[in-house]
Amino acid sequence: MQRANTKTYFLKTFGCQMNVYDSERMAEALARDGYSQTDDVGNADLVILNTCHIREKAAEKVYSDLGRIRDIKDTRKRDGKETVIAVAGCVAQAEGSEITRRQPAVDLVIGPQSYHRLPELIVRAETKSERIVETEFPGDEKFTAMKAPRRISSPSAFLTVQEGCDKFCTFCVVPYTRGAEFSRPVAKLEAEARELAAAGAKELVLLGQNVNAYHGDAPSGRAVGLAELIRRLADIDGIERIRYMTSHPRDMSDDLIAAHAEVPQLMPFLHLPVQSGSDRMLRAMNRKHRAAEYIDLIARVRAARPDIALSSDFIVGFPGETEEDAEETIALVKAVGFAQAFSFKYSPRPGTPAASLEVQVPEDVKTGRLHRLQALLDEQQGAFNAKTLGSTMPVLFERPGRNPGEFIGRSPYLQLVHAVGDGNFTGRTANVAVTETRRVSLSGVIPAA
Ligand code: 5AD
Ligand code: SF4
């Protein structure tokens, strides 16, 4: 039922795709309550920041934004308008009432497991003008309780299938902010995927902090792994493409590798963070795999799907990292060959084991190692893209480009593609002849049908 409401909200999302998915679900719940979205904070009755705690910079950005939003709230107040400020996401979960202490203008702090209570808590914040901090872990309720119909803003739709992590890498806040691993049941995911397909989704991106550890219950009560979930979702009419992220090397089962060979809808792309090429660092990070095991795993994935595009995450300057360790990471990158990757300077996170290690690496050393690694990864990305020159690939177009007749989409390998063609291709898959490649994107033409 739609409440009478003329209110507007402003929603800003930081961090990973899990947050993007959560923001979409919050937006749907607010729309059902009659809220409309605005891009202008000054015009918003409700401001939500969906935050990220993964690295220090991400968390500090939230506090600087909150300072600016407080000023806007004060200005609006002078005009007789109230503003509710809500902080959601992982900073909310990790810092709780520390947020309202540091920024008293905040009315509501809500952790990622409590979003189904958002509408009710907003009303409480508005009417009782009390500060609310809600960071419980009530389990699987949040998805089920958010009953608003799914909408899509792109033919590529996110679907969170798993949340949380039990791995406890020593640098990472996720096991603390997102809690223990939890997999959503298969039937609920199939129902949501069908809703997304009916709304026009052509691609499903299955999300989870540890997505390949997925082990949801099938209707029979039997636990089902990610590979079987993918096979089931591939049967849904209209779903042309499936991707998943982020995976852990330890959970890359034979079954999932086989799915890459056997399920045509499963795209030839794998984001598989390795973090370091040094066994000493991997042990200190509690990664539960060695460098040689990762390289062997990649060989098995490539045997199943020779053209697969590989992506990874790297951390440089983990406590105690020496030049030799950094060289081992470079050697691993050379041995594997990545199509793209993300690399970060180690950032000590409060409450994680690595943050209290005494042998922190100096900032300038971290910067030097990061530049060296990124130069190599950039070179590999450019080389991977260059190989597609002259080929023809199916591209799922997500939006029109800036120039007339231009559309922007993704190749099977997740490359960004700009292409020109005659017709409207948004929301459709079309073949593209690649005529130009750059480090971060490709250009091409859509031949007339
Ligand atoms: N410092 C730097 N990078 C980190 N990541 C996670 N925690 C930290 C940290 N404390 C990186 C890892 C992870 C990605 C999502 O963020 O590479 O895979
Ligand atoms: Fe963090 Fe490690 Fe879990 Fe990934 S696997 S979310 S890096 S603890």
Side-chain angles (χ1 to χ4, degrees), residues 13-21 51-61 89-91 93-94 112 160-183 207-215 226 244-252 270-278 281-289 291 293-294 297 310-321 325-326 329 332-333 338 340-357 359-363 365-367 369-370 373-374 377:
T13 308
F14 300 79
C16 67
Q17 281 111 337
M18 308 277 296
N19 272 7
V20 176
Y21 175 88
T51 63
C52 172
H53 201 241
I54 196 92
R55 284 170 294 275
E56 189 180 357
K57 264 196 196 142
E60 281 309 312
K61 181 90 183 46
C90 293
V91 176
Q93 189 64 42
T160 294
V161 305
Q162 178 278 340
E163 270 199 275
C165 180
D166 294 340
K167 294 283 189 302
F168 291 92
C169 298
T170 56
F171 51 80
C172 186
V173 286
V174 165
Y176 312 98
T177 55
R178 293 279 177 160
E181 240 173 49
F182 165 76
S183 295
L207 300 178
Q209 269 97 17
N210 231 280
V211 72
N212 60 345
Y214 177 83
H215 57 280
L226 184 64
Y244 59 95
M245 62 177 29
T246 289
S247 296
H248 191 286
R250 275 293 286 267
D251 296 314
M252 207 62 216
L270 176 63
H271 180 63
L272 193 64
V274 64
Q275 314 294 359
S276 170
S278 150
M281 287 299 103
L282 291 171
R283 212 176 311 114
M285 290 173 170
N286 188 31
R287 283 291 293 179
K288 304 170 170 51
H289 60 81
E293 286 167 338
Y294 184 88
L297 177 56
L310 295 166
S311 169
S312 198
D313 290 342
F314 295 89
I315 295 179
V316 303
F318 185 82
E321 189 189 66
D325 295 316
T329 300
L332 179 136
V333 171
F338 291 96
Q340 62 155 75
F342 303 94
S343 43
F344 313 99
K345 288 194 248 184
Y346 170 71
S347 162
R349 307 308 298 124
T352 59
S356 51
L357 294 174
V359 276
Q360 299 290 336
V361 174
E363 202 55 29
V365 176
K366 285 186 197 171
T367 306
R369 287 181 193 163
L370 186 68
L373 176 61
Q374 285 182 339
L377 290 167

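Atoms considered below: every heavy atom in the structure, side chains included; atoms not considered: hydrogens, waters and symmetry mates. Counting starts at 1 for both ligands and their atoms, following the listed order.
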Heavy-atom closest pair (Glu181 atom, Asp166 atom, distance to 0.1 Å) is N-OD1, 3.0 Å
Nearest heavy-atom pair of Ala354 and Pro319: which atoms, and what distance?
-> O-CG, 3.7 Å
Heteroatom distance test ([X], ligand 1): nitrogen or oxygen, under 3.5 angstrom:
X      : result
Cys172 : no
Ser347 : yes
Tyr346 : no

Give the intermediate values and the outcome of side chain to side chain contact (heavy atoms under 4.5 Å, CB included) for residues Gln275 and Cys169.
-> CA-CA 10 Å; Gln275 314 294 359; Cys169 298; over 6 Å; no
How many angstroms lie between OG1 in Thr177 and CD1 in Ile54, if you round to the nearest 0.5 Å?
-> 7.0 Å
Could you tell me, atom by atom, which parts of ligand 1 come under 4.0 Å of a heavy atom of [X]?
X      : value
Lys345 : 1 (N), 2 (C)
Gln275 : 12 (C), 13 (C), 17 (O), 18 (O)
Arg349 : 10 (N)

Lys366, Met285, Lys345 screened by side chain to side chain contact (heavy atoms under 4.5 Å, CB included) with Phe318, the one that passes | Met285
Under a 4.0 Å heavy-atom cut-off, what residues line ligand 2?
-> Cys165, Lys167, Phe168, Cys169, Phe171, Cys172, Val174, Pro175, Asn210, His248, Arg287
State whether Lys288 and Asp251 are salt-bridged, where the test is any N-O pair (Lys NZ or Arg NE/NH1/NH2 against Asp/Glu carboxylate O) under 4.0 Å.
-> no
Is the closest basic N to carboxylate O distance between Arg250 and Glu293 below 4.0 Å?
-> no
Atom 16 (O) of ligand 1: which protein heavy atom is closest, and how many Å away?
-> Arg55 NH1, 2.8 Å
Starting from atom 18 (O) of ligand 1, find the nearest protein heavy-atom neighbour and note its residue, name and distance.
-> Asp313 OD2, 2.6 Å
Report the C-alpha distance between Gln162 and Ser183 in whole Å, list the side-chain angles of each, state the deciding distance to 0.1 Å, and finish with yes or no for side-chain hydrogen bond (donor to acceptor under 3.5 Å, both in side chains).
-> CA-CA 4 Å; Gln162 178 278 340; Ser183 295; 5.7 Å; no
Of the backbone atoms (N, CA, C, O) and the side-chain heavy atoms from C-beta on, which set of Phe171 has a member under 4.0 Å from an atom of ligand 1: side chain, backbone, both, or neither?
-> both
Please determine which of Phe338, Phe342, Phe344 meets the ring-ring contact (aromatic ring centres under 6.0 Å, His included) test together with Phe314.
-> Phe338
4.5 Å side-chain heavy-atom contact, Ile315 and Ser276 | no
